[in-house]
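Everything below concerns the one structure shown next.
All values derive from a computational prediction rather than experimental measurement. Residue numbers start at 1 and run along the sequence shown.
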Amino acid sequence: MNEQSKRGDPESVTVLQVRKIGNSVGVILPKELLAKLNLKVGDKFYPAEMPDGSLRLSPYNPKHARTMEVAREVMREYRDTFAALAK
């Protein structure tokens, strides 16, 4: 928990610090942030740069989401063909 959170500041901001971990560098995520992102140890999450230059962290792979969107479009377009093949 950061200092602002300890004080009960309603506009508190979680501050993460880059740390040396063994021979690597990492960021320790507080359990509250892990819960908010729906992450657990070993899960992957993806950084995405937003148009305003900010960085968004998400447990969802944007490339996979786009692939699924295309797949849904194809399935919708060829619904009758897939139904015939399923028989």
**OP:** Assess whether salt bridge (Lys or Arg N to Asp or Glu O under 4.0 Å) is satisfied between E69 and R72, documenting all intermediate values.
**Re:** CA-CA 5 Å; E69 183 180 319; R72 286 186 193 98; over 6 Å; no
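Between the side chain of K20 and the backbone N or O of G22 there is at least one donor-acceptor pair closer than 3.5 Å.
Remark: R76 does not engage E73 in a salt bridge, criterion side-chain N to carboxylate O under 4.0 Å.
Side-chain contacts under 4.5 Å among hydrophobic residues (ILVMFWY), followed directly or transitively, place I21 together with I28. Taking Ile, Leu, Val, Met, Phe, Trp and Tyr as members and joining any whose side-chain heavy atoms lie under 4.5 Å apart, directly or through other members, M50 forms no hydrophobic cluster with any other residue.
Inter-residue side-chain proximity for V41 and D43 is flagged as unmet; no heavy-atom pair is nearer than 4.5 Å. Counting only heavy atoms from C-beta outward, the side chains of V74 and E77 never approach each other to under 4.5 Å.
Residue-environment remark: CG (D52) exceeds the threshold of 12 foreign heavy atoms within 6.0 Å.
Under the 4.5 Å side-chain contact rule for hydrophobic residues, L55 and L39 do not share a cluster.
To the nearest 0.5 Å, atom CE of residue M75 and atom CE of residue M68 are 6.0 Å apart. Distance CG/L29 to NZ/K36: 13.0 Å, rounded to 0.5 Å. Expressed to the nearest 0.5 Å, how far NZ of K87 lies from CZ of F82 amounts to 15.0 Å.
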